[in-house]
Amino acid sequence: MIVTRELTKRYGRVVAVNAVDLDVREGDRYGFLGPNGSGKTTLVRLLLGLVYATSGEIEVLGERIPARAAAVLPAIGSLVEGPAAYPHLSGRRNLALLDAAGPGGRGRTRKRRIEDALEQVGLAGVDRRPVRAYSLGMRQRLGLAAALLRRPRLLILDEPTNGLDPRGIREVRDLLTTLNEAGTTVFMSSHLLSEVEQLCTRVGIVDRGRLVLQDDLANLRAPTGHILVRSPDATRISMLLDGQVVERDGERLVIRHPDAAELNAMLVREGVRVSAIGEQRRSLEEVVLDVTGHGSDRMGRTP
Ligand code: ATP
């Protein structure tokens, strides 16, 4: 759906995007994750043909960008930095103007399309007040509604939950998941680890313009081969499994063992009380820390 090769964008001496090979596949919910200033917005703008690359290639939906942008953009819904809207018009009016350049149809069809988009982003009840009176969160929702008007195959979104409160963030997450399950590929940038971890199926991690890691989240968070156990009898477990206990912190133990169910059965046989047990997986934060040397200090965990 999106492929870039050695994509580079310089602003004078700043290399905002540095030899990035992006690979976004059909059906992905792709999270492009990086701290502020790492080049996310620049990359999104490059993908949409809004700025030109210094070098490298871009293909979106199988077409070269920017050469074939006019042919490809109608199949893409996008949201980049501060969604554009006429501030003196209402949200509905803004969408109607955008829709006029879209797929057409009868008046009633168009009206339905606009109402559907507003409803999907939780703005169905919005009144006639002008967009200038909207909160940042409402503007962001309106921008998403605009991105949805074309019922796109691909969504390219720059920090789509920017300015939303926790409820709004959850609603956008649910909306993107629903759209994705219905066939829309989602590419979104974010500086929030938790957001990407909860929403995305595939992750690209960008650090100072470079793509330092790109993989399916399931691979990145593969089991470590250790089992996490919580037990009020942690001392007994330490004695029983001497040599297999990798780490102990109060009631919490990390045990080298291939199978949580078997370990649990064995502990129960020994009369050990177990309050929680499960496979240990690396968190996305640990993965990020490994590849960049910095984690939640530069990238936010929660909004
Ligand atoms: P944020 O999360 O803060 O939006 P970002 O990851 O989107 O950051 P970019 O906005 O792409 O990062 O910026 C990457 C680098 O490129 C920064 O050093 C920025 O100062 C620089 N940059 C971006 N746009 C321009 C421009 N038009 N002119 C000069 N430098 C720019």
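We use all heavy atoms of the structure for the numbers below, so side chains are in, but hydrogens, waters and symmetry mates are not. Ligands are counted one by one from 1 in listed order, and the atoms in each one are counted from 1 as well.
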Heavy-atom closest pair, residues Leu95 and Ala145
CD1-CB, 4.0 Å

Contact check, side chains of Pro232 and Ser275, non-hydrogen atoms, under 4.5 Å
yes

Give the residue and atom name of whichever protein heavy atom lies nearest to atom 22 (N) of ligand 1, and the separation in Å to one decimal.
Tyr11 CD1, 3.5 Å

Tell me if the CZ atom of Arg236 is crowded by more than 12 foreign heavy atoms within 6.0 Å.
yes

Record the part of Glu159 in heavy-atom contact with ligand 1 below 4.0 Å; permitted values are side chain, backbone, both and neither.
side chain

Geometry only, no angles: is Gly39 polar-contacting ligand 1 at N/O separations under 3.5 Å?
yes

Please determine whether the number of non-hydrogen atoms from other residues, nucleotides or ligands lying under 6.0 Å from atom CZ of Arg281 exceeds 12.
yes

Show which atoms of ligand 1 fall inside a sub-4.0 Å distance from at least one heavy-atom site of Pro35.
6 (O)

Which residue and heavy atom of the protein sit nearest atom 16 (O) of ligand 1, plus the separation
Ala16 CB, 3.3 Å

Quick check on contacts: which atoms of ligand 1 are under 4.0 angstrom from a heavy atom of Ser38?
5 (P), 6 (O), 12 (O)

Report the nearest protein non-hydrogen atom to atom 18 (O) of ligand 1: residue, atom name, distance rounded to 0.1 Å.
Val14 CG1, 3.7 Å

Are Ser190 and Glu195 linked by a side-chain donor-acceptor pair shorter than 3.5 Å?
yes

Does at least one non-hydrogen atom of Gly209 fall below 4.0 angstrom from an atom of ligand 1?
no

For atom 4 (O) of ligand 1, the closest protein heavy atom turns out to be Thr41 OG1, 3.5 Å

Shortest protein contact, atom 3 (O) of ligand 1 (heavy atom only)
Asn36 ND2, 3.2 Å

Hey, is OH on Tyr11 packed in by over 12 heavy atoms from elsewhere, all under 6.0 Å?
yes

Test item, Gly34 contacting ligand 1 (heavy atom, 4.0 angstrom):
no

Taking NZ, NE, NH1 and NH2 as the nitrogens, is one of them in Arg45 or Asp158 under 4.0 Å from a carboxylate oxygen of the other?
no

Please write down residue, atom name and distance for the protein heavy atom closest to atom 14 (C) of ligand 1.
Gly37 O, 3.5 Å

Pairs satisfying ring-ring contact (aromatic ring centres under 6.0 Å, His included), at least one member in residues 14-43, at least two apart
Tyr30-Phe187, Phe32-Phe187

I'd like to check atom 30 (N) of ligand 1 in this structure: does the protein have a heavy atom lying under 4.0 Å from it?
yes

CZ/Arg64: more than 12 non-hydrogen atoms of other groups inside 6.0 Å:
no

According to a hydrophobic-cluster definition based on side-chain heavy atoms being under 4.5 Å apart (Ile, Leu, Val, Met, Phe, Trp, Tyr only), do Leu263 and Val274 belong together?
yes

Quick test: of every protein heavy atom, which one is nearest to atom 13 (O) of ligand 1, and how far off is it to 0.1 Å?
Thr42 OG1, 3.9 Å

Would you say Lys9 contacts ligand 1, with heavy atoms under 4.0 Å as the rule?
no

